[in-house]
Amino acid sequence: MKKIKSTILLGLSLVFLGVLVGCNNSGKSSVDTVTISSSSRETTELTTSMKETKETKETKETTEQTTTQSSIVQETKETDASQEQTGEGQANEVIESMDLSQIQQGDFTSLNGTWVNGLGNTIFVENATMSFTDISNQKQAGEITGLNVDIPNLNSADGTPDLVSYMGDSNKVKSYEQQLGLEENQGFISLRSNLPGAVIYVSFLPKGVMGDIIEGDISRDKIVAVGTQNTATSVRAEYVYYKAD
């Protein structure tokens with residue numbers, strides 16, 4: 001009987017010990033599960049954070065690239081506009097400046113418009129024609145067409161230059177030459193018509209050239225029309241024509 005009781009007690013002890021071991025293992029598994037779950041959550045959060053950081057960086061780089069490209073496009077447009085304006089300004093300057101090579105061929109297109117001097121005399125220019133209120137500074141109106149000049153006050157009844165006495169009554173010469181001659185000077189040109197004892201000069205002086213003009217505006221194109229025994233441009237400031245329009 002005593003041996004049976006011992007056996008029963010030993011069995012109960014083993015059962016109790018098994019229960020304790022089972023509980024301990026259960027608790028450990030629970031702790032491990034919680035630990036693994038926590039680690040998994042931290043890993044997920046870290047991965048998400050890294051992904052968001054990468055996406056933010058890529059977005060920032062894309063924005064910066066777009067801004068830079070927009071800036072370059074804008075600068076290119078501004079440069080093109082500036083160059084276009086510069087080109088137009090240069091083209092206008094060429095058009096407004098007198099063209100000596102055309103003028104010596106009888107083409108006055110680069111002079112088109114009205115020119116005025118300090119004495120109130122005018123020259124109206126249209127393509128191949130120049131009309132003067134006083135071509136010689138002797139109150140003589142005149143007109144140049146191409147490389148020919150017409151001065152009505154010095155014409156005969158048939159419209160050609162009158163014959164006048166020069167160096168004696170028996171010596172008759174034309175009052176002027178209708179066919180204009182050309183004189184090339186340093187930086188300017190002159191068209192000339194010979195008179196008895198004098199010359200009518202119409203001189204063309206581009207900006208930057210003064211010739212023998214005593215005073216004047218060097219920054220502007222100039223025309224001088226005068227009958228003289230001196231040089232073509234040896235005149236005072238009031239005789240110089242400037243473009244009025």
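Quick caveat: nothing in here was measured; it's all calculated off a predicted structure.
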If only atom types and distance count, is the side chain of [X] paired as donor or acceptor with the main-chain N or O of [Y] below 3.5 Å?
X      : Y      : answer
Asn194 : Ala198 : no
Lys207 : Lys222 : no
Ser136 : Val226 : no
Ser110 : Asp99  : yes
Asn117 : Gly120 : yes
Ser165 : Lys172 : no
Asn230 : Ser234 : no

Please examine the side chains of [Y] and [X], heavy atoms only from C-beta on, and report whether any two atoms are closer than 4.5 Å.
X      : Y      : result
Phe132 : Ile151 : no
Leu205 : Met210 : no
Phe204 : Leu111 : yes
Val202 : Ile144 : yes
Leu154 : Gln140 : yes
Leu195 : Ile200 : yes
Leu163 : Val173 : no

Grab the two heavy atoms, one from [X] and one from [Y], that are nearest each other, plus how far apart they are.
X      : Y      : answer
Tyr201 : Ser190 : CD2-CB, 4.0 Å
Ala141 : Asn153 : N-ND2, 4.5 Å
Gly187 : Leu100 : O-CD1, 3.8 Å
Glu215 : Val240 : O-CG2, 4.3 Å
Val235 : Tyr239 : CB-CB, 3.9 Å
Lys174 : Pro161 : CB-CB, 4.4 Å

Strictly by modelled atom types, are [X] and [Y] linked by a side-chain donor-acceptor pair under 3.5 Å?
X      : Y      : answer
Tyr241 : Asp221 : no
Asp212 : Thr231 : yes
Thr114 : Lys243 : no

Exercise. Name the one of Val125, Thr122, Asn121 that satisfies side chain to side chain contact (heavy atoms under 4.5 Å, CB included) with Trp115?
Worked result: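 That would be Val125; it is the only one of Val125, Thr122, Asn121 passing the side chain to side chain contact (heavy atoms under 4.5 Å, CB included) with Trp115.
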
Euclidean distance, [Y] [atom2] relative to [X] [atom1], rounded to 0.5 Å:
X      : Y      : atom1 : atom2 : result
Leu191 : Gln179 : CG    : CD    : 10.0 Å
Ile189 : Ser203 : CD1   : OG    : 9.0 Å
Asp107 : Leu147 : CG    : CG    : 10.0 Å
Ile213 : Thr233 : CD1   : OG1   : 6.0 Å
Asp150 : Ser131 : CG    : OG    : 10.5 Å
Phe108 : Glu126 : CZ    : CD    : 13.0 Å

Exercise. Take atom CD in Gln229; do more than 12 heavy atoms of anything else shown fall under 6.0 Å from it?
Worked result: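 No.
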
Exercise. Hey, is CZ on Arg220 packed in by over 12 heavy atoms from elsewhere, all under 6.0 Å?
Worked result: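 Yes, the 6.0 Å shell around CZ holds more than 12 heavy atoms from other groups.
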
Shared hydrophobic cluster for [X] and [Y] (ILVMFWY, side-chain gaps under 4.5 Å):
X      : Y      : result
Leu119 : Ile214 : no
Tyr242 : Val116 : no
Ile103 : Met130 : yes
Phe188 : Ile218 : yes

Problem set entry | Test side chain to side chain contact (heavy atoms under 4.5 Å, CB included) applied to Asn148 and Leu180, step by step | CA-CA 6 Å; Asn148 289 281; Leu180 293 169; 6.0 Å; no

For this session: In sequence, state the C-alpha distance, the side-chain angles, and the governing distance for Asn155 and Tyr176, and then conclude on side chain to side chain contact (heavy atoms under 4.5 Å, CB included).
Result: CA-CA 9 Å; Asn155 288 344; Tyr176 69 98; 2.6 Å; yes

For this session: Using the salt bridge (charged side-chain N to carboxylate O under 4.0 Å, His left out) rule, pick out the option among Glu177, Glu184, Glu183 that qualifies with Arg192.
Result: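 Single salt bridge (charged side-chain N to carboxylate O under 4.0 Å, His left out) partner of Arg192 among Glu177, Glu184, Glu183: Glu183.
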
